[in-house]
Amino acid sequence: MRFKMIKAIIFISLLFIFSASLLADLLPEGKKRIDFSFELTNINSYPDYTFIAYPFNNSNGAPDIIALIIKDGSNINPSCKYGSPKILAVKTADFDKELFDSINSINESNIRNIKLEKFFSSEKFIFSKNVQCEAYANRDAKYYYINEQYSIENISSELLAIKSKKIIYKDKNKNIIDAEDSKSFSKDDVVSPASEVSSYLIIIIPILALIALITVLVIRKMKK
Amino acid sequence: MFEYFSALGITIAVEYIVYLIFIRKKPYCLLLYSIIINCITHPLAYYFYSYFLSNTLSINSLEINNSVNIYFIIIELVVFLSEVIPIKYLINVSYKKAFLISFTANLVTASLSFIV
């Protein structure tokens with residue numbers, strides 16, 4: 001009986017530990033994976049500013065977060081698996097490109113991640129709302145590629161206002177099959193589930209483990 | 001996220017093997033103890049490691065590796081010492097043996113972190 005209980009606890013613990021990472025790779029029911037890209041169409045209208053996409057996931061496997069300088073008309077193609085990037089604006093005169101490049105080139109992704117987070121916490125950087133990254137579409141949808149075109153509306157000291165102008169849908173052969181004008185501002189902030197869950201789990205896992213430890217010791221003492 | 005849980009999984013597995021080498025009985029209990037002990041220390045070590053690293057931004061990138069190594073050693077030492085007590089009480093061994101198990105387990109996992 002005790003042996004079975006221990007096996008069950010081990011199974012549940014392992015399931016708990018690995019479920020989050022396994023879930024990240026599952027395709028939602030009735031969905032297919034699509035390729036999402038976006039571009040900023042009027043960067044040249046703001047010559048004093050540098051625009052950056054962050055956090056930009058460079059990988060379809062384990063997350064590999066970098067920050068990317070956006071150039072006029074360049075197509076930004078994030079992996080949407082672990083959330084959506086924001087667009088950041090910084091006055092080019094205030095932008096320490098050397099430090100930015102040195103952080104961005106750190107090989108160890110965890111360290112790079114932490115350094116980038118700290119780097120962008122400076123007041124010099126003005127954040128937009130998240131670009132709404134689309135990773136999935138209904139399985140019967142005709143499109144496989146989405147390209148969303150944003151324009152910069154306004155840069156104040158607190159917010160970079162970007163507006164979604166057009167969404168272009170493309171088929172398997174990258175032929176445009178549909179394009180729709182967008183009238184709304186970029187959708188509300190979508191906090192990456194990965195970052196939200198990880199900070200939450202870093203607190204909850206030790207608490208649960210501590211409870212398990214005390215339980216094991218108490219059960220053992222009661223049996224004596 | 002995936003990276004973190006992979007690291008936690010590997011740590012649990014490796015420390016379990018070390019416990020098994022030292023104790024050589026009750027393998028399922030040892031696995032449970034490895035899960036419990038590492039689920040207490042690993043997330044906290046990860047948090048503090050991240051916290052210390054976030055405070056080194058002003059350091060030139062060429063010096064980052066030195067800071068990483070210092071924090072890594074400090075955190076590994078704290079983890080090694082803090083695992084002695086749960087190992088002693090969960091596995092029911094003397095302090096000396098718990099100390100040895102904890103030292104070996106953390107030495108192996110710390111060394112592996114440079115490879116994996």
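What you see is a predicted model; the values in this text were computed from it and never measured. Sequence lines set the chain letters: A, B, ... in the order given, protein chains first and strands last, and positions in each chain run from 1.
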Contact list for residues 90-100 of chain A, test salt bridge (Lys or Arg N to Asp or Glu O under 4.0 Å), sequence neighbours left out: A/Lys97-A/Asp101

Leading residue by heavy atom contact count with chain A [cutoff under 4.5 Å; candidates B/Thr41, B/Leu44, B/Ile36]: B/Ile36

For atom CD of B/Glu76, decide whether the heavy atoms of other residues, nucleotides or ligands shown that lie under 6.0 angstrom number more than 12. yes

In terms of heavy-atom contacts, does CZ of A/Phe127 have more than 12 from other residues, nucleotides or ligands at under 6.0 Å? yes

Give me the contact list for residues 88-99 of chain B versus chain A, heavy atoms only, anything under 4.5 Å, ordered by residue number. B/Tyr89, B/Leu90, B/Asn92

Look at atom OH of B/Tyr47 and say whether more than 12 heavy atoms of other residues, nucleotides or ligands are closer to it than 6.0 Å. no

Chain B contact via A/Leu213 - side chain, backbone, both or neither, heavy atoms under 4.5 Å: both

Calculate, to the nearest 0.5 Å, the distance between atoms CD1 and CD1 belonging to A/Ile207 and B/Ile40 respectively. 11.0 Å

Distance-minimising heavy-atom pair for A/Ile205 and B/Pro43: CG2-CG, 3.8 Å

